[in-house]
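For clarity, every value in this text was computed on a predicted model and none was experimentally measured.
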Amino acid sequence: MKINKIKIKFNIFVLLITLSVFLLVLDTKITAYAEEAAKETEAVKETNEAKKTEETKETKEDGFEFKGSKLKFITGSFDGKDSLDIDFPIEMKDVSAEYIDEAAKLISIEKKEFNIKNPNIVILHSGEKYYVITAINAYKDVQDNIIDKVNIESEITYGKTKLKIKLKLKNIKDENKDIKYSICYASMDEKPFQTQEAFKLVDMKYKLDKHCIIPDGYYYQMNPRSVPYKESYFFMQGAIYIANTHLETIDSKFSQAMTAKLIDDTAKKLNDEGYYPIPYRSEWLKADYNIEKGYFDTRWNLDYAYICLRMYEKFQNEKYLELADKVLTYYKKYANQNAIKIPYKEDAYLVMDYGAEYYIGMTHSSLNHHLMGLKALMYEDLLKEKPVNTEFIKKMLNGVEATCNSWIKKNGDLEYAIFVNGTYGLKDYPDLTLNDLRDCQALHEKLYKSKNASLETLIVSKQAWYDNVYKKQVSKKK
């Protein structure tokens, strides 16, 4: 009996040891499994994070979208080569193409292979989608917001389902490794241009060598009196001249998307004060006023504000009104400190064309710059529920009214600018100031329900000179 009890106790002891070992092994396996599961979870988490990052990256690089139209850029480097064959990133079947040839004739190609050399704008139609290929450029970076545009030949070829874009550098003697290329393409579900006339008008502007569009914005050929300067240098132009053509054809989907994209590009370049500083030095402004690069050009910044206001009127997107207001708020602050005060009329002044944060002094006031300020401020008040510029507009109009007759030359043409000492001088543009005067008068009538007598006097004089003197001079030269 005693022996049996001992056996039972022993068996229980063995059982307990076995159970303990089993639990220990089980615990080890559970711990290992948990660690492995944690590693897998972490790995999955990292994969998901990477995927999310990749998705975010794709989203950021997915192009610019506006009203259902999407703009993208194909970019890269020549990397020492003098020619490249680039595959278009979208396969297309049964493609039809349209483009404008050198004779300004619309060429249509229906669902067959094609080869188009040096196109400005090519419209492709495949299935339910339309595509636009344009702004094929090569360039080198010079400094912030300045590029050196490189001459290239381009060729778009289509065969079966493959579209290729061939690029070849022209007359390049130095190394090619720093030369970049960019190709803009847009996609949309309807025709890019509402009419053939709209297509031809935009294409005509894109043919001009002085315009250049690359991924970060609109660039314009630099003036010979700029520093730095080469004939092939282009600077980012905040006034976005090409947008004025797009706004004339704003019912077209391509014009809508491109205008919105270029406005956004310039918005990114506005400084904290609210304006786009000019990225080069003007030899003229340096010599006359000791102004360096980074200065405030009233005309070009007001042009940008005006474009934003036109987009706001068309699409009622508050973003465009806010951008215009940002520039105009700085302009009013600047004008209060940088204007020629008319001594013989209270609250009358003419705003200076140029200034800079570091510059203490006065430049000059040209009529076209001053009128551009009036245009933008009156236009903003016309679009806003409650006018915010009434008092300021009055001061600027007072300046024009007080000096009205002094602007008119003996032959009817207008002086370009008034200087701090009260003298007038420099040669006015043939029609820029005239157009500004007309625009101001039209806005004045809409806003105040009457014409301004001084604006009308200047319009009549400039128009008579334009018709009777300028046109005859141009005719003789022909």
Side-chain angles (χ1 to χ4, degrees), residues 239-240 243-244 247-248 250 259 263 274-275 298-336 338-342 345-353 365-405 407 414 431-463:
I240 324 177
N244 292 307
L247 284 164
E248 289 178 39
I250 200 61
T259 305
I263 286 174
Y275 68 92
T298 57
R299 176 86 208 196
W300 287 343
N301 277 275
L302 291 164
D303 280 340
Y304 175 70
Y306 202 77
I307 288 168
C308 291
L309 291 171
R310 290 180 71 182
M311 280 292 278
Y312 172 73
E313 184 176 25
K314 177 68 179 176
F315 298 107
Q316 295 298 301
N317 186 329
E318 291 291 328
K319 173 178 77 173
Y320 299 118
L321 188 59
E322 289 168 5
L323 281 170
D325 192 62
K326 183 176 183 179
V327 176
L328 292 175
T329 297
Y330 176 76
Y331 175 70
K332 287 184 286 187
K333 173 188 169 186
Y334 165 86
N336 279 324
N338 297 272
I340 297 174
K341 306 292 192 297
I342 309 302
K345 182 156 184 171
E346 188 178 354
D347 287 334
Y349 56 58
L350 298 163
V351 183
M352 296 290 176
D353 289 9
S365 176
S366 63
L367 192 54
N368 81 82
H369 279 239
H370 187 78
L371 292 171
M372 191 66 225
L374 271 171
K375 278 170 59 174
L377 293 167
M378 285 194 288
Y379 194 13
E380 184 182 41
D381 272 7
L382 198 62
L383 296 176
K384 283 194 169 186
E385 290 183 12
K386 185 178 180 181
V388 294
N389 302 312
T390 305
E391 185 180 338
F392 205 86
I393 290 168
K394 182 61 178 171
K395 291 178 181 179
M396 293 182 71
L397 281 171
N398 285 345
V400 176
E401 291 165 359
T403 58
C404 177
N405 293 328
W407 289 101
L414 302 181
D431 55 6
L432 176 69
T433 308
L434 178 58
N435 292 333
D436 289 334
L437 285 163
R438 288 183 186 136
D439 290 342
C440 277
Q441 188 70 291
L443 286 163
H444 192 281
E445 282 191 86
K446 286 181 181 178
L447 194 58
Y448 304 120
K449 313 304 179 189
S450 66
K451 285 188 175 183
N452 180 280
S454 294
L455 291 176
E456 195 62 26
T457 298
L458 294 170
I459 290 170
V460 170
S461 182
K462 184 75 177 184
Q463 186 68 62

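- Between the Tyr304 side chain and the Ile263 main chain, a donor and an acceptor come within less than 3.5 Å of each other.
- Scored by the side chain to side chain contact (heavy atoms under 4.5 Å, CB included) test, Ile342 finds Tyr344, Lys345, Ala348, Leu350, Ala402, Thr403 as partners (sequence neighbours excluded).
- In this structure, Leu374 and Leu397 have side chains that are in contact, with non-hydrogen atoms separated by less than 4.5 Å.
- Taken from OH in Tyr306 to CD1 in Ile240, the straight-line distance is 15.0 Å, to the nearest 0.5 Å.
- Closest of all the heavy-atom pairs between His369 and Leu302 is O-CD1, 4.0 Å.
- Tyr334 has its side chain within reach of Met352: a pair of non-hydrogen atoms, C-beta onward, lies under 4.5 Å apart.
- Asn301 pairs by the side chain to side chain donor-acceptor pair (under 3.5 Å) definition with nothing, not counting sequence neighbours.
- Closest approach of Asn317 to Tyr312, counting heavy atoms only: O-CD1, 3.2 Å.
- In terms of the side chain to side chain donor-acceptor pair (under 3.5 Å) criterion, residue partners of Gln463 (sequence neighbours excluded) are, by chain and number, Arg438, Asp467.
- Remark: Asp381 pairs with no residue by the salt bridge (charged side-chain N to carboxylate O under 4.0 Å, His left out) rule, at least two apart or across chains.
- Applying the ring pair (Phe, Tyr, Trp, His ring centres under 6.0 Å) criterion to Tyr331, with sequence neighbours excluded, gives no partner residue.
- In terms of modelled atom types and a separation under 3.5 Å, the side chain of Arg299 and the main chain of Asn368 share a donor-acceptor contact.
- Looking only at distances, no side-chain donor or acceptor of Ser461 sits under 3.5 Å from a matching main-chain atom of Thr457.
- Under the 4.5 Å side-chain criterion, counting only non-hydrogen atoms from C-beta, Tyr320 is not in contact with Leu383.
- The line from CG of Asp439 to CG of Leu434 is 9.5 Å long, rounded to the nearest 0.5 Å.
- Of all heavy-atom pairs spanning Ser454 and Cys404, the tightest one is O-SG, 3.7 Å.
- Partners of Glu445 under the side chain to side chain donor-acceptor pair (under 3.5 Å) rule, at least two apart in sequence or in another chain, do not exist in this structure.
- Of all the heavy atoms in Glu248 and Arg310, the pair that sits closest is N-NH2, 4.4 Å.
- Note: Leu432 CG to Leu437 CG = 9.5 Å, rounded to the nearest 0.5 Å.
- Shown here are the ring pair (Phe, Tyr, Trp, His ring centres under 6.0 Å) partners of Tyr275, two or more places apart in sequence or in another chain: Phe296, Tyr330.
- Judged as a side chain to side chain contact (heavy atoms under 4.5 Å, CB included), and not counting sequence neighbours, the contacts of Glu391 are Lys395.
- Every residue was checked against the side chain to side chain donor-acceptor pair (under 3.5 Å) condition with Lys394, not counting sequence neighbours, and none meets it.
- A distance of 10.0 Å separates CG in Asn435 from CD1 in Ile459, rounded to the nearest 0.5 Å.
- In this structure, NZ in Lys314 is found 10.5 Å from CG in Leu247, a value given to the nearest 0.5 Å.
- Under the side chain to side chain contact (heavy atoms under 4.5 Å, CB included) criterion, Ala335 pairs with Val351, Phe392, not counting sequence neighbours.
- A heavy-atom distance below 4.5 Å is not found between the side chains of Trp407 and Val400.
- Partners of Lys384 by side chain to side chain contact (heavy atoms under 4.5 Å, CB included), not counting sequence neighbours, listed by chain and number: Leu321, Asp325, Glu380, Val388.
- Sparse packing is recorded around CD of Glu346, with 12 or fewer heavy atoms of other residues, nucleotides or ligands lying under 6.0 Å away.
- No side-chain heavy atom of Met378 sits less than 4.5 Å from a side-chain heavy atom of Asn389.
- By the salt bridge (charged side-chain N to carboxylate O under 4.0 Å, His left out) test, Asp353 is found to be paired with no residue, residues two or more places apart in sequence or in another chain being considered.
- Rounding to the nearest 0.5 Å gives a distance of 4.5 Å between CG of Asp436 and NZ of Lys375.
- Using a 4.5 Å cut-off on side-chain heavy atoms (C-beta onward), Leu367 and Leu371 make contact.
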